[in-house]
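Structure first, commentary second.
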Amino acid sequence: MTEHAIVVENLTKRFGKGEQAVLAVDNLSLQVRAGEVFGLLGPNGAGKTTTIRMLSALIAPTSGRAVVAGHEIGKEDMDVRRKVGILTETPGMYDQLSAERNLAFFAALYDVADIPGQVEKYLRMLGLWARRGDEVGEFSKGMRQKLAIARALLHEPPVLYLDEPTSGLDPEAARLVREFIAELRQQGRTIIMCTHNLDEADRLCDRVGVFKARLLALDTPANLRGQLFGRMVVFHLAQAEPRLAEAVSGFDFVQKAELIDQKLVVTLDDPEAHNPAIIRRLVEAGAELRFVGEVRRSLEDVYLHLMDKEEGNHG
Amino acid sequence: MDKVWVMVRKEWAEVFKNRFVFFSVAFMPLLFIAIPLGVLYSMRGASPEQALGLSEIPPEFMALCGDLAGADCAQFFLVSQFLMLFLLMPVIIPVTIASYSIVGEKRTRTLEPLLAAPISTLQLLAGKALGAALPAVFVTWGAYIVFVIGAVWITGSSVIAAQLLKPLWLLAIAVVGPLLSVAAVSLAVMVSSRVNDPRVAEQISALVMLPVLGLFMGQTFGLIQVDQSVVVWLALVLVLVDAALLTLAIQLFQRETILTRWK
């Protein structure tokens with residue numbers, strides 16, 4: 001496999017024609033490294049599922065090009081399908097067949113050599129072996145989701161698409177799925193994950209793309225936070241005085257310093273390098289420091305900021 | 001071909017767990033065998049004049065009787081009225097199966113993972129079609145064999161058996177029946193792509209029964225006589241109809257269309 005498991009160039013998808021046409025994906029370009037967990041974040045209707053479907057060779061792009069696991073979509077669709085595993089938004093299992101029969105059917109479609117072995121491996125791995133003979137219609141949502149994950153992995157695909165992998169799961173089941181995704185990353189699989197759970201994306205994804213028909217931002221969660229909000233350090237003081245903020249503002253590297261309650265909040269690029277200088281100056285100015293910590297902006301803040309900006313651009 | 005059979009086996013495992021489908025496939029042949037055999041049984045020992053007025057046998061049918069004497073000709077006439085029943089079976093059964101199997105994929109949302117698998121549209125469609133058509137064809141053939149044995153046993157006449165094994169019946173059961181099944185499945189596939197309720201799909205697809213019912217009624221009222229040439233023409237027309245319906249069904253059964261329109 002090449003260094004990039006997925007290469008997307010100017011991928012565009014329009015549904016319909018003429019004035020009725022809907023632009024679902026607009027000129028998307030990105031590369032996903034082999035072994036990377038990549039999060040695709042965006043509101044409902046942003047085109048995430050359409051993108052996944054194009055990258056699974058399920059639907060054809062209107063224009064642009066994409067290479068998945070070394071195979072170009074539109075030209076080597078069967079090869080693409082063999083190399084990817086997909087967890088669809090809804091698990092989609094045959095309710096009247098047993099868990100084992102469901103998996104065996106898909107394993108046969110994917111030409112899995114050792115069907116009983118692979119089925120047993122993933123049923124055991126996801127804790128469903130004891131229920132293998134039960135009809136899937138009797139399964140809880142969490143069990144069905146786990147079964148759908150097992151189905152996506154039966155043929156050991158190097159590339160995995162997970163569309164809302166923990167949607168609707170109880171916290172325990174969601175944690176199990178997240179741990180499983182982390183384990184898959186350890187195995188070196190490339191994963192594209194669509195999720196509305198931004199905390200989950202923050203924890204699991206190496207990089208995220210914020211998407212609304214077009215790519216609004218693309219980087220690691222930490223870099224996105226830094227780019228949009230800078231880094232903020234909070235100094236808890238015994239007594240907050242305006243002169244302390246003024247003293248710190250004198251540094252070139254400080255972008256902003258403000259007092260909030262008994263705290264001094266300083267925005268700067270590189271806290272690790274500059275915190276000692278700030279602390280020294282505060283102590284010299286007579287401040288009594290009680291605690292120093294970083295204000296961590298969540299990925300949700302990043303996401304909402306980008307979406308507001310996007311709406312502002314179009315509104 | 002392996003993947004087609006993988007599909008067929010999955011279809012059978014799934015569809016026959018549906019009680020309504022299983023009931024349709026099992027009950028209909030029993031009914032369609034019981035009706036003609038019941039009629040034959042009730043007329044056992046009656047003279048042709050008692051069984052039905054000779055004037056009720058159309059003159060055109062007399063030619064089909066060949067060397068059969070009056071009583072045998074009357075019985076053969078009665079039995080022949082039921083030929084069309086055996087052509088309804090390969091229409092109704094696959095429509096029931098295909099409607100439930102395809103709409104079922106929509107309902108359980110299994111279409112997307114299925115279409116994401118490395119199986120061609122043709123393999124998928126062939127698996128669905130064979131899964132619906134084969135049970136109908138085999139059940140029709142089985143019902144026909146039981147009917148022939150039953151008719152001989154009830155009438156005690158090997159002459160009837162000889163008539164029932166003539167090319168007219170064999171062509172109808174062995175060729176026209178499967179061709180009707182293909183037409184029914186193709187229509188069911190097309191209709192299923194536009195509706196979400198299997199019962200609606202089934203009812204609309206059952207329209208393919210109308211020509212067969214028309215022949216049945218026409219024959220019953222003496223308007224037409226279904227002889228060998230009618231069956232041959234029917235087979236030829238069905239070949240063309242099947243080709244057209246199959247082409248259309250395959251064209252409609254595109255992955256993107258299915259994913260974006262099958263809701």
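Predicted model, so just to flag it, every value in this text is computed and none were measured. By convention in this document, chain letters (A, B, ...) are assigned in the order of the sequence lines, proteins followed by strands, and residues within each chain are numbered from 1.
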>> So which residue, A:R53, A:R82, A:R101, ends up with the most heavy-atom pairs under 4.5 Å with chain B?
In response: A:R53
>> Counting heavy-atom pairs under 4.5 Å with chain A, which one of B:R109, B:K10, B:M7 comes out on top?
In response: B:K10
> Heavy-atom distance under 4.5 Å between the side chains of B:T108 and A:T90, does that happen here?
Replying inline: no
> What part of A:K83 is in contact with chain B, defined as an atom under 4.5 angstrom from a non-hydrogen atom: side chain, backbone, both or neither?
Replying inline: neither
>> With rounding to the nearest 0.5 angstrom, report the CD1 to CZ distance, B:I119 to A:R81.
In response: 10.0 Å
> Which bit of A:E89 is near chain B, if near means a heavy-atom gap under 4.5 Å: side chain, backbone, both or neither?
Replying inline: neither
> Measuring heavy-atom distances to chain B, does A:L58 have an atom under 4.5 Å in its side chain, in its backbone, in both, or in neither?
Replying inline: both
>> Which atoms of A:M78 are under 4.5 Å from chain B, going by heavy atoms: the side chain, the backbone, both sets, or neither?
In response: both
> Which heavy-atom pair separates B:E112 from A:I86 by the least distance, and what is that distance?
Replying inline: OE2-CD1, 4.4 Å
> For A:Y94 and B:T110, which heavy atoms make the closest approach, and how far apart are they?
Replying inline: CE2-OG1, 3.4 Å
> Below 4.5 Å, heavy atoms only, C-beta onward: do B:K17 and A:E135 meet side chain to side chain?
Replying inline: yes
> Given the options A:T88, A:D95, A:V80, which has more heavy-atom pairs under 4.5 Å with chain B than any of the others?
Replying inline: A:T88
> Is chain B contacted by the side chain of A:A60, its backbone, both, or neither, given a heavy-atom distance below 4.5 Å?
Replying inline: both
>> Nearest 0.5 Å, please: how far is CG in B:D2 from CG in A:D111?
In response: 8.0 Å
>> Using a 6.0 Å cut-off, check whether atom CZ of A:R124 has over 12 heavy atoms from anything other than its own residue.
In response: yes
> Any idea which heavy atoms bring A:Y110 and B:A117 closest together, and the distance?
Replying inline: OH-CA, 3.4 Å
> Which atom pair, heavy atoms only, marks the closest approach of A:G92 to B:P113?
Replying inline: O-CG, 3.8 Å
> Does CD in A:Q20 sit with more than 12 non-hydrogen atoms of other residues, nucleotides or ligands closer than 6.0 Å?
Replying inline: no
